Amino acid sequence: MDILAELNHAQREAVEAIDGPVLILAGPGSGKTRVITHRIAYLIRVCGVSPYHVMAVTFTNKAAREMVERLGQLVNYAVKDLTIGTFHALCSRILRREGEAIGIDARFVIYDAADQISLLKHSLQELNLDPKQYAPVALSSAISSAKNNLLSPDDYRQRGRSYFDEIAARVYEHYQQRLRESGALDFDDLLMMTVLLFRQNPEVLSRYQLLYRHLLVDEFQDTNLVQYALIKQIGDKYRNICVVGDPDQSIYSWRFADLRNILSFENDYPDTKIIFLEQNYRSTKVILETASQVISVSQSRYHRGKLKQLWTNNEAGELVTVVETYTEQEEAQFVVSEIERLVSHGQCSLGDCAVMYRTNAQSRAIEETFIRYGMPYRLVAGTRFYERREVKDIIAYLRLIQNRRDSVSLLRVINVPPRGIGEQSQTRLSVWAKSLGMSSYEALRLLAKETPFSPHITKPLAAFYDMLEKLIERSQELSLVDLFDFVIGRIDYKGYIFNVPDGEERWDNILELRSVAQEYRGLPPSEGLTAFLEGVALVSDIDNMEEGASAATLITLHKAKGLEFPVVFIVGMEDGLLPHFRSIDDPTQMEEERRLFYVGVTRAKKKIYLARAFRRNLMGRSMITVPSRFLNDIPRDKIAPMLSGWQEEKSAVEASLSSWSKPSIYSTDVRDSYSRNRISPIPSITLCNLKVGDRVRHSQFGEGVVVSCQSVKDDMEATIAFDGQGVKKLLLSFARLEKV
DNA sequence: CGAAAGGCTCTTTTT
DNA sequence: GAGCCTTTCG
């Protein structure tokens, strides 16, 4: 198979330019992933480069996995010798191996955002600072920004401009000390420490420079300063660095991503070859032109005097559908019934459809409606699996086994399940430990010999210590799953969790976690534990998204980056949501909101819907909304006249279009001003002869018994207890129910 | 000590 | 409307 075949001119150029620095500016759907994979295949198969010498950095684990998969088809077995992963995963791997040089124990644990906040709160307490005055999240953001700019606490203090900065520097210093004592690194540390490691140990750096002679960086527009520093360190010797990105899709400035990295790259490597990928293979002309119009309003998009101009040979396609509904429930209903219409007309499958929104909170109304109508969906995140309390509890035990010094985990589980170690005991323990200048865990160990407290305090503490030591001892010989079971059994987590609300569901999550642990069964005890903890620390929701599921996808605009769907609904097209109100008075942030919208529109291949609700519940309060200003930038001739059945009068659409500059918030009569695009009830199609006690079958939920039936508006709602699936409420006109 | 209840504050986006 | 924190009571 010819690697260069089926590539267009620009793509081919990008694949063949293997010597020296290359900057690829790739518009959405321009075959970026194809270029990266083919480039790697070209390096290996045509240029004879050893796969060991190639490192590719992606934004998510999912992207890495996909790349591995595609490369597997191009280079076969050689794929296993390639280094492909996220910045965080790659850094973690390097630090496990080399961290000792800068005093990092190979058994370090990784703290996520929640662990970070928890540790910060303890820091505040020890520094006698009021968390109300100095919000932990604000401090965490300040510290994160410092780390992402490679600033030590001292550097940070010197640059500080305000009293808050002074405090933040103090907290940063203390927090960092606590991390070190705990043998823990936070997400930002993974990157920063690797850069510091290389800085302070040229001989280590040199080894990695020799190893990774060809670097590829995906989503370069979303890299931050540390990440760039790292690339530059490793790539500086051979200078075979290929970065791929699209400034128009830069949506992570709040994570300190810095578009200036693109300029720095060109400055640092003046011989950079710049390649534009401008042909779009993904979307229809209508979608692409809509997107181009939306982004064209954005400032400073020229690159060295050239403006990236996307074009496509694809068909014109269907016009954009813009819909206003009365409430967010109706908005969701519109989405569901429209998907139902498309699917039943054979225009697309359920899995082809995606619903995208600005904030996670918006998913609820949508989800409820999907459930109500019995339409299968998959939600990408919400509360992340690994952020669930019960999951974190068990992970904390396992982390403690891996690394006794992990103070956040210790504090998390010291009284979970309750074992008589209340707040009083905990405070006493930590005060005592501090007075001895040791960690809480060391103090626990000492407790057997010295007993500074009364027995009713000492006893449970000592028992807890003994139990942990027992767990650690067993961890040497048990496989991961056996260890998992041993821990659960030893603390009787099942008994505990079944006595808290939603106990059964929580227990299911534990079993789910157990099945993740099972994936590591091939590894020896301690290795399995480390790999498992590493895995759970660095996965994201998007990584677990199943491909080709027969369900609609519900996803935030941010997470949708890099994905594509034939049919896309963007909901919540309102000022305050998109653009988000926190961005509205800052022009720079507004640009980013616009790019976020652009990312959403360019996910669509065939058809895009933009929906908004006239009234929306925000923070528990019902608000009248203002149409998103971004709607004004959509070319009028690309907007479809309303769908029949969803439209009361065509002129209302015109009215709504022209009224976008005049926010309807000033209307005196809410109901009256809401006249456009009212949704009609979903037509009743199927059976209404259903009785309580009937057995029915549903395509998704299997068989069940009708528990109750009631009429809702023009429809019937049945409550059905499905065998092993729980009780669901379904609308009969919608759910495909069969009588058994 | 711990369970339960009431009060508070936010809600952007995530490796 | 939810999660987190504090207070209160047994």
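In what follows, every chain begins at residue 1, and chains take the letters A, B, ... in the order their sequences are listed. The figures here come from the full heavy-atom set of this structure, side chains too, leaving out hydrogens, waters and symmetry mates. Everything numeric here is computed off the predicted structure, so don't read it as measured data.
Side chain of A:Asn415, nearest nucleotide from C:dC5, B:dG2, B:dT13: B:dG2. Listed nucleotides: B:dC1, C:dC5, B:dT13. Nearest to the side chain of A:His558: B:dT13. Ranking B:dC1, B:dT15, B:dT14 by closeness to the A:Thr86 side chain, first place goes to B:dT15. Between C:dG1, B:dT14, B:dT15, one nucleotide has an atom nearer to the side chain of A:Arg364 than all others, and that is C:dG1.
Remark: the separation of the P atoms in C:dC4 and B:dT13 is 15 Å, to the nearest Å.
Between A:Asp130 atom CG and C:dC5 atom P there is a gap of 13 Å when expressed in whole angstrom units. In this structure, CD1 of A:Ile117 is placed 11 Å from P of C:dC5, rounded to the nearest angstrom. A:Tyr134 places its OH atom 18 Å from the P atom of B:dT9, with the value rounded to the nearest Å. As a whole-Å value, the separation of A:Arg389 CZ from C:dG3 P is 10 Å. B:dT11 atom P lies 19 Å from atom OH of A:Tyr357, rounded to whole Å. Protein atom CG of A:Leu190 is 14 Å distant from nucleotide atom P of B:dT15, rounded to whole Å. Rounding to whole angstrom units, NZ of residue A:Lys392 and P of C:dC4 are separated by 11 Å. If you measure from atom CD of A:Glu592 to atom P of B:dT13, you get 13 Å, rounded to the nearest angstrom.
In terms of phosphate contacts, A:Lys561 brings no side-chain nitrogen or oxygen within less than 4.0 Å of OP1 or OP2 of B:dT13. Side-chain N/O atoms of A:Asn360 include one lying less than 4.0 angstrom from OP1 or OP2 on B:dT13. Close to B:dC1, at under 4.0 Å from its OP1 or OP2, lies a side-chain N or O of A:Ser425. The phosphate of B:dT13 has neither OP1 nor OP2 within less than 4.0 Å of any side-chain N or O from A:Lys559. The phosphate of B:dT15 (OP1 or OP2) has no side-chain N or O of A:Asn224 nearer than 4.0 angstrom. Here A:Thr60 does not reach the OP1 or OP2 of B:dT14: none of its side-chain N or O atoms lies under 4.0 Å away.
Ring stacking is absent between A:Phe87 and B:dT15, as the pair misses the limits of under 5.5 Å between centres and under 30 degrees between planes.
No side-chain heavy atom of A:Cys242 sits under 4.5 Å from any side-chain heavy atom of A:Val217.
Residue contacts for A:Gln424: at a heavy-atom cut-off of 4.0 Å it reaches the sugar-phosphate backbone alone, with no base atom in range. Within the 4.0 angstrom heavy-atom criterion, base atoms lie near A:Gln589. Here A:Phe59 lies in heavy-atom contact (under 4.0 Å) with sugar-phosphate atoms only.
Place A:Ser583 and A:His88 on DNA chain B by their nearest nucleotides, and A:Ser583 ends up nearer the 5' end. When each of A:Glu593 and A:Pro418 is assigned the nucleotide of DNA chain B bearing its nearest heavy atom, the one mapping closer to the 5' terminus is A:Pro418.
Aromatic ring pairs are classed by plane angle as parallel below 30°, tilted from 30° to 60° and perpendicular above 60°; the pair A:Tyr252 and A:Phe59 is tilted. The aromatic rings of A:Phe597 and A:Phe630 sit parallel to each other, their planes meeting at less than 30°, with 60° as the upper class boundary.
Screening residues 453-464 of chain A for salt bridge (Lys or Arg N to Asp or Glu O under 4.0 Å) gives no qualifying pairs among residues at least two apart or on separate chains.
Relative to the six-membered ring of A:Phe464, A:Arg419 misses at least one condition, a distance below 6.0 Å or an angle of at most 45° to the axis.
The aromatic ring centres of A:Tyr493 and A:Tyr496 sit less than 6.0 Å apart.
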How does DNA chain B look in dot-bracket notation if pairs are Watson-Crick or G-U with both distances under 3.5 Å, crossing ones as [ ], other-strand ones as |? ||||||||||.....
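By the side chain to side chain contact (heavy atoms under 4.5 Å, CB included) test, A:Leu618 is found to be paired with A:Arg616, A:Met623, residues two or more places apart in sequence or in another chain being considered.
No more than 12 heavy atoms of other residues, nucleotides or ligands shown are found within 6.0 angstrom of CZ on A:Arg428.
Using a 3.5 Å distance cut-off with no hydrogens or angles, the side chains of A:Thr327 and A:Arg615 do not pair a donor with an acceptor.
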